[in-house]
Number of protein chains: 2
Amino acid sequence: MLIGSTIDSKKMKTFLPVGTCPIRDILSRLGDKWSLLVLVTLKANGTMRFSDIHKSIGDISQRMLTVTLRSLEADGLVNRKVYPEVPPRVEYSLTPSADELMLPLHSLVEWAMKNMQDIVSSRELYKNKG
Amino acid sequence: MLIGSTIDSKKMKTFLPVGTCPIRDILSRLGDKWSLLVLVTLKANGTMRFSDIHKSIGDISQRMLTVTLRSLEADGLVNRKVYPEVPPRVEYSLTPSADELMLPLHSLVEWAMKNMQDIVSSRELYKNKG
DNA sequence: CAGCATCCGTGAAGATACTG
DNA sequence: CAGTATCTTCACGGATGCTG
């Protein structure tokens with residue numbers, strides 16, 4: 001449940017604006033083009049170097065991988081460890097917080113797998129008629 | 001787990017591009033600015049009219065509410081029932097598919113509630129130092 | 001290797017006005 | 001009431017080039 005309150009005469013539940021609602025905030029973060037994919041990649045492979053994540057995902061640009069990793073790091077979802085070597089080495093891994101996130105995410109993924117066909121069919125139907 | 005395969009010598013798990021991956025597809029849908037909020041609003045209030053949803057959410061534009069509802073309808077997540085009256089009345093409700101979605105979503109929300117403070121703190125910390 | 005800087009195109013979304 | 005139409009803005013993300 002989002003943070004809601006009952007404010008009008010109809011007893012209708014309403015919700016806080018995005019700036020103060022944790023769910024809207026977090027979902028919009030995770031819902032960007034790459035965050036989720038980076039998290040799942042790190043989950044699947046454990047600690048990874050920048051170039052490995054890049055190769056693993058394939059169609060992400062260097063810039064967007066950097067941006068995404070920085071954002072996840074800022075949110076405390078990934079650890080970033082720099083080794084002062086030449087050539088440089090940077091390793092990324094999930095934080096405990098992100099590990100916890102994987103469980104709800106997993107059930108969401110299961111829902112998606114289960115309902116994927118229906119959604120595709122529904123879209124097709126909607127497109128061809130309305 | 002996303003749809004992955006082991007392709008290179010490092011046994012690194014890789015993932016399919018967005019067009020063919022149900023999870024990336026669905027998450028990007030749900031991760032847009034308003035879909036989730038509309039779904040949760042409908043879950044909390046049951047069947048609702050257009051204007052009620054509009055009032056309940058508050059800061060969504062008429063246009064974006066229409067766009068979002070159409071998208072959810074196309075995906076088979078909301079029912080749209082039009083009553084041929086004057087003035088017109090249109091009622092929206094969740095489909096069974098969307099109802100199922102609420103469970104994984106709920107655990108995601110719980111994670112968000114639980115970790116919200118840490119995330120905010122982490123962001124603050126990141127901003128002030130790096 | 002792991003990035004940062006810069007430029008730029010595109011689509012998402014807001015504001016406003018109008019309608020059956 | 002429940003939209004549609006149009007215009008505009010702006011941030012996301014891609015491409016490219018450079019660097020410690």
Side-chain angles (χ1 to χ4, degrees), chain A residues 8 10 12 17-19 24-25 27-38 41-42 45 47-75 78-93 126 130, chain B residues 8 10 12 17-19 24-25 27-38 41-42 45 47-75 78-93 126 130:
Chain A
D8 65 12
K10 285 176 175 166
M12 197 168 59
V18 68
R24 291 175 70 177
D25 180 280
L27 246 279
S28 68
R29 283 273 190 162
L30 265 37
D32 73 1
K33 197 167 181 182
W34 302 110
S35 290
L36 186 74
L37 198 59
V38 168
T41 300
L42 282 170
N45 293 292
T47 298
M48 294 176 84
R49 301 184 62 169
F50 184 91
S51 53
D52 285 335
I53 304 174
H54 197 188
K55 272 183 284 183
S56 177
I57 295 184
D59 59 342
I60 189 175
S61 68
Q62 212 168 22
R63 182 180 117 82
M64 286 317 296
L65 180 53
T66 301
V67 170
T68 303
L69 285 168
R70 289 292 179 282
S71 163
L72 293 172
E73 188 197 356
D75 285 5
V78 301
N79 301 307
R80 180 173 183 267
K81 176 153 196 184
V82 183
Y83 295 86
E85 306 172 353
V86 177
R89 180 161 57 107
V90 181
E91 287 184 347
Y92 295 91
S93 58
Y126 184 87
Chain B
D8 64 12
K10 285 176 176 167
M12 196 167 59
V18 68
R24 292 175 70 176
D25 181 279
L27 245 278
S28 68
R29 283 274 189 161
L30 265 36
D32 74 0
K33 196 166 181 181
W34 302 110
S35 290
L36 186 76
L37 198 60
V38 169
T41 299
L42 283 171
N45 292 292
T47 299
M48 296 176 84
R49 301 182 63 169
F50 184 90
S51 54
D52 287 334
I53 304 176
H54 197 188
K55 272 182 285 184
S56 177
I57 295 184
D59 59 342
I60 189 174
S61 69
Q62 212 168 21
R63 183 182 115 82
M64 285 317 297
L65 181 54
T66 302
V67 169
T68 303
L69 284 168
R70 290 290 181 283
S71 163
L72 292 172
E73 189 197 357
D75 284 4
V78 301
N79 300 308
R80 178 173 184 269
K81 176 152 193 184
V82 183
Y83 295 86
E85 307 171 354
V86 176
R89 180 162 58 107
V90 181
E91 287 183 346
Y92 294 92
S93 58
Y126 185 87

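Order of the sequence lines sets the chain letters (A, B, ...), proteins ahead of strands, with each chain counted from 1.
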Show me the protein contacts with nucleotides 2-4 of chain D, counting only N or O atoms at under 3.5 Å.
from, atom 1, to, atom 2, distance (Å)
D:dA2, OP1, B:Arg49, NE, 2.8
D:dA2, OP1, B:Arg49, NH2, 3.1
D:dA2, OP1, B:Val90, N, 3.4
D:dA2, OP2, B:Ser51, N, 2.9
D:dA2, OP2, B:Ser51, OG, 2.7
D:dA2, N7, B:Gln62, NE2, 3.4
D:dG3, OP1, B:Arg70, NH2, 2.9
D:dG3, OP1, B:Arg80, NH2, 2.4
D:dG3, OP2, B:Tyr92, OH, 2.5
D:dG3, N7, B:Gln62, OE1, 3.1
D:dG3, N7, B:Gln62, NE2, 2.7
D:dG3, O6, B:Gln62, OE1, 3.1

With [X] via side chain to side chain contact (heavy atoms under 4.5 Å, CB included) - residues at least two apart:
{"X": "B:Ser71", "answer": "B:Arg29"}
{"X": "B:Glu91", "answer": "B:Thr47, B:Arg49, B:Tyr83, B:Arg89"}
{"X": "A:Val86", "answer": "none"}

Separation of [X] atom [atom1] from [N] atom [atom2], in whole Å?
{"X": "A:Lys33", "N": "D:dC12", "atom1": "NZ", "atom2": "P", "result": "13 Å"}
{"X": "A:Met64", "N": "D:dA11", "atom1": "CE", "atom2": "C1'", "result": "11 Å"}
{"X": "A:Asp59", "N": "D:dA15", "atom1": "CG", "atom2": "C1'", "result": "15 Å"}
{"X": "A:Asp32", "N": "D:dG14", "atom1": "CG", "atom2": "C1'", "result": "15 Å"}

So, the side chain of B:Ser56 versus the backbone of B:Asp52: is there a donor-acceptor pair under 3.5 Å, distance only? no
Ignoring hydrogens, what is the shortest heavy-atom contact between B:Tyr92 and B:Leu42? Give both atom names and the distance. O-CD2, 3.5 Å
For B:Ser35, give me all partners under side chain to side chain donor-acceptor pair (under 3.5 Å), at least two apart in sequence or on another chain. B:Asp32
In Å and rounded to the nearest 0.5 Å, what is the NZ to CE distance from B:Lys55 to A:Met12? 5.5 Å
Rounded to the nearest 0.5 Å, how far does CG of A:Leu72 lie from CG of A:Leu30? 8.0 Å
Going 5' to 3' on DNA chain C, which nucleotide is the first and which the last to come under 4.0 Å of a heavy atom in chain B? C:dA13 to C:dG20
